[in-house]
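Everything numeric in this text was worked out from a predicted model, so none of it was measured. Values reported hereafter were calculated over all heavy atoms of this structure, with side chains retained and with hydrogens, waters and symmetry mates removed.
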Amino acid sequence: MDTIPTSKEGEYSFLCWKPAFLKCCNNAKCFLFVYSLFSMVAGTMIGGITNTNISTLERRFGLSSSQSALVVVAYDAAFCVLTVFVTYFGATANRPRIVGFGSAIFGLGALVYALPHFISPLYEFGDASLSNSCDPSSTMSSCSTPAIDLNKFMFVLLVGQLLLGCGTTPLYTLGFTYIEDSVPKNAAPVYLGLANAAALFGPAIGFSCGGYILNSYYVDISQSSNSTSLNSSDPRWVGAWWIGPMVMMIASWIIVLPLMGFPKQLPGTAKNRAERKSEVHSSTNDNHETEELENSLKNFPTTVWKLLKNPVFCMLTVAGCSTGLTVSGSSSFMAKFIQNEFHKSAGTSAMLAGAILVPAAVAGHLAGGVLISRFKMETPAILKLCAVSSFLVACASPLLLLRCDNMPLAGTTVPYHYDGLTGGQMQSRNLNSSCNSLCNCQAEFYSPACDSGTGITYFSPCHGGCIANTRTTNTTQMYTDCSCIGANNTLTDGVCPTSCNKLAPFLGLAFVMVLLVFLSHTPAAVVTLRIVPPSMRSFAVGLEWLFMRALGTIPGPIMYGNFIDSTCIIWQRKACGDVRGSCWVYDSAGMAITFMVLSIVGNLVSAAFYGLSLLVYKPPTTKKLPVLNGHTVDTNKVSDLPLVNGSAAQSNGRPSMSVHINHGFVPDDP
């Protein structure tokens with residue numbers, strides 16, 4: 001067993017020793033591989049599984065959309081609080097080891113996130129003591145058992161998300177800079193591109209596998225779906241949402257040891273410190289603007305003030321906040337949007353949302369980087385690209401109105417078609433009518449029943465006025481003698497199937513919109529790196545993350561959740577305790593209009609601030625000297641060799657899909 005000695009560039013590896021056969025792992029390629037694994041696990045959990053589970057958790061624990069949004073943004077809140085301090089003070093520490101500690105915390109967060117499944121009672125989608133049929137002799141005036149308030153489990157989910165955010169903060173900041181710091185300049189874009197690709201591949205796994213699990217496995221696996229008489233198309237169905245987090249817990253803990261073994265610096269790091277061209281915004285010729293400051297607590301306010309005095313940096317940050325608000329909000333509830341607008345199951349909607357968000361985000365990131373490289377764009381051209389991209393998204397936002405009609409539900413979206421007393425007049429959004437007024441129907445549990453003759457769904461057979469006699473054909477429960485639809489008609493269990501051919505066009509158009517949204521992310525990040533002094537780049541991106549999380553990705557899901565709640569038509573109401581649960585039925589038109597308006601406003605604000613940043617941007621003053629065969633030399637270049645392009649390494653530090661998919665940092669110069 002050999003020992004790797006300390007050197008000028010590195011520290012001891014693998015906890016001060018490394019077997020000879022592991023010496024080959026002490027390089028940037030191996031770290032990139034381990035980093036990519038952790039990044040994929042984090043992306044799967046945050047960008048995929050969390051967003052996939054939103055509607056399922058609402059149904060399971062009786063949460064509103066605004067409450068589920070709080071769970072989602074807890075991750076961003078933790079990241080927001082820690083990112084500035086991690087990037088400022090962690091830059092001089094053993095970065096891989098800190099990332100390893102983060103992986104351990106991430107696994108703990110995944111465990112806590114899944115914990116409510118194991119400490120909560122079995123899921124109840126109905127109550128055997130409550131009649132599903134019209135029974136005038138029944139009474140619901142007394143409660144034998146008080147209602148259990150499952151909302152309290154929201155706080156356990158919230159703590160889990162906080163821990164997940166703490167765990168990924170070192171990954172997306174220090175881990176990313178460690179990669180860029182450890183490879184030659186010309187190779188850095190390739191390494192960073194692979195790192196970003198791994199982060200984006202994670203949500204694809206989360207959406208597809210998470211959707212499959214929700215469709216295939218009942219939440220309480222000990223009870224088979226046959227014994228519950230439910231299937232994934234039933235609105236009461238709850239899938240096994242907890243399986244994904246448990247798998248992510250195991251995966252993240254396995255990654256801890258390899259991460260802890262890498263040295264503070266890999267061999268060749270000092271040599272690979274890149275020569276960079278700085279396009280620092282120049283509103284003054286004060287040379288102190290580019291001075292390096294020691295990363296100490298006393299210099300922290302000075303560094304922050306220097307960045308806040310940069311108007312282009314501030315306007316880019318505001319534009320990023322506006323984009324982050326719409327991206328995080330819409331991506332968090334995209335699966336729910338598809339579920340309600342096109343009447344799909346939660347699992348199918350999650351897979352369709354993943355089919356839109358992930359490939360479009362990847363294509364947008366790649367397209368943005370290719371455009372910069374292909375046309376060798378300078379800062380003004382990049383800002384124009386960002387402004388045009390955001391403006392096109394705002395123009396395309398009315399396409400969100402392409403949807404299916406509301407599901408015909410008696411008493412809410414359509415009137416009762418047969419009512420012996422009122423002749424079919426509907427009482428506005430009221431499940432009760434004269435035809436079922438004596439039935440003593442409960443509204444706590446949604447037990448939909450379909451009238452195949454008219455295609456109208458009733459909240460329950462009782463609300464259809466069906467008497468107690470029922471018969472079963474194969475696996476279909478049927479109810480007869482229903483006073484609300486006529487004596488000769490019957491109702492069958494489940495929601496009436498609807499036909500709508502608008503889903504495919506919507507998915508195609510939504511793909512284009514998401515691509516345009518992410519087209520500006522990499523270019524905007526490149527501009528951020530160019531307009532600040534080299535010694536402040538890492539901290540500048542960390543500070544930008546702070547504002548974009550605090551003003552964008554955190555309030556985004558909360559705002560969307562509250563607007564979505566305002567479109568609810570029927571809330572679950574517990575029979576005992578007057579506890580409000582989740583929403584059973586939404587107004588599809590209201591939800592579509594909400595998404596459209598927020599998208600238009602958010603992207604117009606982004607386009608405006610990108611345009612303003614272009615107006616106030618001042619290129620640095622350059623001093624040129626006639627050297628190298630008569631060619632002039634830009635003094636902003638560290639090297640005067642013509643082969644040095646000085647282009648900043650591309651990175652992705654813009655807001656994520658919840659996504660939490662994007663990261664991007666470059667290290668401080670030595």
Side-chain angles (χ1 to χ4, degrees), residues 59 123-140 215 218 223-239 343-346 348 405-422 424 426 430-500 569-570 572 575 584-585:
R59 183 72 65 241
Y123 170 59
E124 293 183 358
F125 59 88
D127 190 336
S129 65
L130 299 175
S131 174
N132 229 2
S133 301
C134 180
D135 185 4
S137 64
S138 66
T139 178
M140 296 177 60
N215 271 345
Y218 186 65
Q223 295 182 326
S224 66
S225 58
N226 292 331
S227 65
T228 63
S229 70
L230 294 181
N231 57 56
S232 60
S233 63
D234 193 299
R236 297 167 294 174
W237 169 273
V238 171
H343 314 308
K344 299 297 181 181
S345 67
T348 301
D405 294 331
N406 281 312
M407 176 187 67
L409 183 65
T412 56
T413 60
V414 295
Y416 281 92
H417 273 225
Y418 179 86
D419 191 318
L421 296 179
T422 65
M426 170 180 151
N430 192 343
L431 292 175
N432 297 318
S433 179
S434 57
C435 64
N436 60 27
S437 59
L438 300 178
C439 294
N440 294 317
C441 301
Q442 62 85 22
E444 178 178 355
F445 297 105
Y446 187 24
S447 303
C450 173
D451 177 9
S452 58
T454 61
I456 295 177
T457 300
Y458 291 81
F459 189 82
S460 72
C462 180
H463 288 86
C466 303
I467 61 176
N469 55 318
T470 64
R471 59 187 173 88
T472 303
T473 302
N474 296 329
T475 59
T476 303
Q477 192 78 8
M478 304 187 69
Y479 301 85
T480 59
D481 297 332
C482 304
S483 60
C484 292
I485 59 175
N488 296 324
N489 291 330
T490 60
L491 294 180
T492 57
D493 270 338
V495 176
C496 291
T498 57
S499 59
C500 178
I569 298 176
I570 302 178
Q572 180 188 25
W584 287 121
V585 181

* To do: Go through the side-chain N and O atoms of Thr348 and Asn215 and say whether any donor and acceptor fall under 3.5 Å apart.
  => yes
* Could you tell me how the ring of Trp584 sits relative to the ring of Tyr446: parallel (under 30°), tilted (30 to 60°) or perpendicular (over 60°)? => tilted
* **Taking every non-hydrogen atom, the tightest pair across Gly465 and Cys484** => N-SG, 4.0 Å
* Heavy atoms only: give me the nearest Cys496-Thr457 pair and the separation to one decimal. => N-OG1, 3.0 Å
* Would you give the length of the straight line joining atom NE2 of His463 to atom CG of Leu491, rounded to the nearest 0.5 angstrom? => 12.5 Å
* Asked: Between Cys462 and Cys441, is the SG-SG gap under 2.5 Å?
  -> yes
* Hey, does Val414 have a side-chain heavy atom less than 4.5 Å from the side chain of Thr454? -> no
* Check whether any side-chain heavy atom of Leu431 sits under 4.5 Å from a side-chain heavy atom of Tyr458, and report yes or no. => no
* Rounded to the nearest 0.5 Å, what separation is found between the CD1 atom of Ile570 and the CG atom of Leu409? -> 4.5 Å
* Asked: Judged by atom type as modelled, is there a donor-acceptor pair below 3.5 Å linking the side chain of Ser460 to the main-chain atoms of Ser447?
  -> no
* Is the side chain of His343 donor-acceptor paired with the backbone N or O of Pro497 at a distance under 3.5 Å, no angle test? -> no
